[in-house]
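Here is the structure we will look at, set down as structure tokens.
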Amino acid sequence: MARSMFATLLLWLPLANAYTLPNNEVLQESDSARPGYKCKCYEGDHCWPSLGEWRTLNASVDGQLQKVTPLADVCYNTFEGMPTYDVEKCAVVTANFQNQDFAVADPVYALNPLYTNDSCLPTTDPTASCNAGYLSDYVIIAKKTKHIAAGVKFARRYNIRLVVRNTGHDFMGRSTAYGALAINTHNFKDVSFSRIYRGPGRYGGSAVTVGAGIQGGELVKKAFEQSPKVTVVTGECATVGFTGGYIQGGGHGPLATIYGMAADQALSFDVITAKGESVTANADENSDLFWALRGGGPATFGIVTAVTVKTFPEVPSAAVIININSTHTTDPEVFWKGVTAFHAQSNHFVDNGMFVYYELLLGSLHIQPIYGPNMNKAKILSVVKPLFDDLAAKGVPYSMTVKDFPTFYELYTDIFEPEGAGNNQLTGGRFMTREDITKNNTAIIEAYKTALSPSAEFPFGIVIGHIVGPGVGAPSVDDAVHPGWRKASSFSITSLFPTKDNWDAAKKLQTDVITKALDEAAPKGGAYVNECDLGQPDWQNQFWGYNYPRLLRTRQKWDPEGIFYAETTVGTEKWSEVGEPPKLCKKI
Ligand SMILES: Cc1cc2nc3c(=O)[nH]c(=O)nc-3n(C[C@H](O)[C@H](O)[C@H](O)COP(=O)(O)OP(=O)(O)OC[C@H]3O[C@@H](n4cnc5c(N)ncnc54)[C@H](O)[C@@H]3O)c2cc1C
Ligand SMILES: *[C@@H]1O[C@H](CO)[C@@H](O)[C@H](O)[C@H]1NC(C)=O
Ligand SMILES: *[C@@H]1O[C@H](CO)[C@@H](O)[C@H](O)[C@H]1NC(C)=O
Ligand SMILES: *[C@@H]1O[C@H](CO)[C@@H](O)[C@H](O)[C@H]1NC(C)=O
Ligand SMILES: *[C@@H]1O[C@H](CO)[C@@H](O)[C@H](O)[C@H]1NC(C)=O
């Protein structure tokens with residue numbers, strides 16, 4: 001009480017940023033130091049918890065509170081004044097910095113280091129300086145739901161920025177936050193399958209309850225080990241978390257064309273709310289929260305500790321792999337004829353229940369795979385034949401491989417390639433509807449060309465493409481997923497690879513040129529909160545369509561104070577990161 005009165009008095013002093021207190025302690029930037037904003041509390045502010053208060057928190061989370069240190073501090077002589085250099089550990093970090101499993105295992109590592117301010121990267125110069133950049137100050141390595149609840153309550157009580165970190169995959173850095181208290185959910189590894197779901201709602205088929213820390217690859221492996229074998233709608237990438245950002249943002253993947261988005265499969269969520277209370281959200285209990293958690297975006301309505309989703313019987317599966325690159329043609333005209341012919345098949349592929357993952361670079365199209373559930377080699381070749389015929393007719397050379405497998409899981413582990421970590425990446429993206437592709441495939445391909453080579457400063461970009469139609473095989477589910485996804489047949493991510501120095505220029509180019517080109521070429525489509533341009537104009541409508549007003553009401557009910565925050569998510573209109581280092585503040 002005395003301290004906060006003193007702080008209020010300080011506001012009346014004609015000093016800007018730093019005050020020298022009677023005991024020579026320097027008090028920097030009280031909450032109200034930024035005109036027009038009310039900010040979260042940061043280290044150095046009068047409101048920041050004392051060491052004793054942090055110790056109390058640590059006791060309430062059974063000693064699982066850690067002060068954050070950057071992974072590569074072992075490559076530098078010192079970090080925050082303490083000696084850190086260790087030649088062997090540095091070699092391990094350097095060798096593994098781009099390995100996703102290694103990255104995920106660290107409590108706070110961000111797979112895209114731009115959002116840490118590129119701070120304290122591995123180096124061969126130990127005299128360089130290592131600082132925490134935009135990493136959080138503390139992290140709770142939560143092992144029990146009560147640890148999550150204690151973290152939420154603490155952050156709420158002291159007005160500290162809270163960030164949830166599962167795998168650190170977020171392309172837009174949404175699991176990283178300067179000066180925050182992070183809650184790491186990666187240890188919630190419980191998985192339990194049931195043959196008959198007995199919870200509320202009409203569904204009585206097989207299901208699985210998945211803890212917050214489970215990754216897609218772990219889940220499909222466990223599903224495959226059941227008897228009878230089952231599958232789950234997950235992402236194509238094995239290391240993406242299942243229960244965190246992925247399913248809450250919607251979640252597309254190889255089985256989405258036949259079953260719908262991952263969020264559509266959800267039957268029940270266990271959640272820690274913004275007040276730190278445990279609730280269940282399903283068809284009977286807290287049905288508004290249940291609706292919103294299925295596609296309404298990450299870190300918005302609560303922290304999910306477990307989700308129950310439908311499982312499906314295993315299916316025989318086939319894949320075609322196609323390459324068109326410099327070993328086939330160096331003529332850009334021939335190359336782009338090939339890309340155009342391929343993408344024009346999007347509607348045909350999804351009509352056959354298929355999913356396609358491809359990487360497009362200047363002069364190289366790598367399609368791996370065109371995936372056909374319930375297909376063998378002969379069947380998939382017959383379905384892909386119109387593409388082969390079109391490529392032949394247009395004189396486009398290519399190479400092709402076909403494979404089949406008894407199950408989806410065996411295809412998944414054989415065909416999907418590991419992805420990296422540790423690269424500065426600036427993303428954008430858009431899903432395109434069947435109508436967009438019928439009417440304007442050529443304009444979409446022109447937008448891809450723009451994305452691959454947008455300017456002299458950024459001559460190389462990439463497109464990571466997915467042909468996926470989550471509205472084709474599945475009954476339409478009333479949840480928060482953008483309704484436009486039901487009409488989609490293609491979704492692409494664009495990426496530029498800036499350095500910290502030309503990051504701002506890249507953002508502008510991404511939004512003003514690349515996002516604009518894709519938005520115009522596919523006006524019926526929308527954008528995907530998990531794989532997007534943070535500068536996406538009209539993001540509320542682009543991410544959620546007509547679901548937005550209902551989502552906003554649900555956010556206001558479940559988190560009226562703004563305990564959770566992730567950029568361009570529901571209800572964050574008044575919040576922004578202000579200044580350097582970026583502090584989270586609300587416009588008043
Ligand atoms: C290599 C790669 C491949 C990908 N492939 C696919 C794909 O096939 N399909 C697809 O749909 N997406 C894909 N994505 C995107 C993916 O869905 C998002 O990056 C997603 O946000 C990752 O969630 P996470 O929990 O694993 O990651 P994190 O970065 O840890 O968290 C992401 C966001 O979710 C929040 N969050 C995490 N856990 C919780 C929780 N328990 N409760 C509430 N909020 C939480 C975080 O605060 C953050 O805002 C891919 C991403 C990458 C990097
Ligand atoms: C929390 O307690 C554990 C166990 O006593 C200790 O190892 C850890 O360093 C403490 N964390 C902080 C931030 O002091
Ligand atoms: C972030 O990077 C910029 C530019 O290198 C630097 O000026 C700034 O101090 C860094 N901020 C933090 C918190 O590391
Ligand atoms: C080009 O395609 C061939 C298959 O025909 C593949 O082996 C090769 O790795 C590809 N090259 C590049 C640079 O992608
Ligand atoms: C096709 O794309 C062009 C160029 O982006 C755009 O101007 C036009 O409106 C689009 N047409 C349709 C029917 O979507």
Side-chain angles (χ1 to χ4, degrees), residues 28-29 42-44 48-70 72-73 76 79-80 82 107-108 110 113-121 123 128-143 147 150-151 154 160-161 173 176-184 320-330 334-335 338-339 342 358-369 388 391 396-403 417 424 452 460 462-464 498-505 577-584:
Q28 303 211 327
E29 293 187 334
Y42 286 89
E43 186 163 13
W48 189 250
S50 67
L51 282 176
E53 288 161 329
W54 284 108
R55 232 175 273 133
T56 306
L57 172 65
N58 198 7
S60 71
V61 298
D62 302 321
Q64 296 300 331
L65 181 73
Q66 292 182 8
K67 190 93 176 86
V68 165
T69 56
D73 62 353
Y76 295 79
F79 170 65
E80 293 184 347
M82 301 297 281
V108 294
L114 265 185
Y115 295 90
T116 69
N117 207 22
D118 270 349
S119 293
C120 201
L121 300 174
T123 179
S129 79
C130 165
N131 64 54
Y134 300 163
L135 292 179
S136 48
D137 277 18
Y138 289 91
V139 56
I140 296 171
I141 313 292
K143 302 271 170 73
H147 300 161
F154 188 85
I160 292 170
R161 181 163 179 190
T176 300
Y178 167 79
L181 169 62
I183 298 180
N184 179 299
V320 164
I321 297 166
I322 295 177
N323 282 295
I324 305 176
N325 62 40
S326 59
T327 63
H328 310 98
T329 180
T330 51
V334 174
F335 176 76
V339 177
F342 158 66
Y358 63 95
E359 291 167 358
L360 178 64
L361 285 74
L362 274 184
S364 167
L365 173 63
H366 175 54
I367 307 169
Q368 179 165 345
F388 298 140
L391 292 173
V396 182
Y398 61 92
S399 62
M400 190 278 286
T401 314
V402 61
K403 290 184 174 185
E417 296 164 300
N424 284 346
L452 295 196
F460 304 110
I462 66 168
V463 168
I464 299 171
T499 63
K500 206 165 62 175
D501 296 332
N502 60 19
W503 191 12
D504 285 337
E577 290 181 337
V578 182
E580 167 54 47
K583 294 186 175 179
L584 184 62

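Note that the coordinates shown come from a computational prediction; the quantities given were computed from them, not determined experimentally. All ligand and atom numbering here is 1-based and tracks the order in the structure.
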Open item on the list: Treating Ser364 as the side-chain partner and Leu361 as the backbone partner, does any N or O pair qualify as donor plus acceptor under 3.5 Å?
Closed with: no

- [ ] Indicate whether the side chain of Thr56 and that of Glu53 have a donor and an acceptor atom separated by less than 3.5 Å.
- [x] no

- [ ] Please identify each residue that fulfils ring-ring contact (aromatic ring centres under 6.0 Å, His included) with Tyr358, with sequence neighbours left out.
- [x] Phe342

TODO: Of the side chain and backbone of His328, name the one, both, or neither that has a heavy atom under 4.0 Å from an atom of ligand 4.
DONE: side chain

Taking side chain as C-beta onward, heavy atoms only, is [X] less than 4.5 Å from [Y]?
{"X": "Thr327", "Y": "Ser399", "result": "no"}
{"X": "Lys500", "Y": "Asn424", "result": "no"}
{"X": "Tyr398", "Y": "Leu365", "result": "no"}

If the cut-off is 4.0 Å to any non-hydrogen atom of [X], which atoms of ligand 4 fall inside it?
{"X": "Thr327", "answer": "1 (C), 2 (O)"}
{"X": "Asn325", "answer": "1 (C), 2 (O), 3 (C), 8 (C), 10 (C), 11 (N), 12 (C), 14 (O)"}
{"X": "Ser399", "answer": "4 (C), 5 (O)"}

Task: Per-atom contacts, ligand 2 versus Leu65 - under 4.0 Å to a heavy atom - done: 1 (C), 8 (C), 10 (C), 11 (N), 12 (C), 13 (C)

Task: Residues forming a side-chain hydrogen bond (donor to acceptor under 3.5 Å, both in side chains) with Thr401, sequence neighbours excluded - done: none

Open item on the list: Does the plane of the ring in Trp503 sit parallel, tilted or perpendicular to the ring in Tyr115? Use 30° and 60° as the thresholds.
Closed with: perpendicular

Open item on the list: Checking the N or O distance criterion of under 3.5 Å, is ligand 2 in contact with Asn58?
Closed with: yes

Kindly print each ligand 3 N/O atom paired with any protein N/O atom under 3.5 angstrom away, one pair per line, or none if nothing qualifies.
residue: ligand 3; atom: 2 (O); partner: Asn117; partner atom: OD1; Å: 3.0
residue: ligand 3; atom: 2 (O); partner: Asn117; partner atom: ND2; Å: 2.5
residue: ligand 3; atom: 2 (O); partner: Lys500; partner atom: NZ; Å: 3.1
residue: ligand 3; atom: 5 (O); partner: Lys500; partner atom: NZ; Å: 2.9
residue: ligand 3; atom: 11 (N); partner: Asn117; partner atom: ND2; Å: 2.8
residue: ligand 3; atom: 11 (N); partner: Glu580; partner atom: OE2; Å: 2.6
residue: ligand 3; atom: 14 (O); partner: Asn117; partner atom: ND2; Å: 3.2
residue: ligand 3; atom: 14 (O); partner: Asn131; partner atom: OD1; Å: 3.3

Which donor-acceptor pairs under 3.5 Å do side chains of residues 129-140 form with protein atoms, sequence neighbours excluded?
residue: Asn131; atom: OD1; partner: Ser119; partner atom: OG; Å: 3.3
residue: Asn131; atom: OD1; partner: Gly133; partner atom: N; Å: 2.9
residue: Tyr134; atom: OH; partner: Asn117; partner atom: OD1; Å: 3.4
residue: Tyr134; atom: OH; partner: Glu580; partner atom: OE1; Å: 2.4

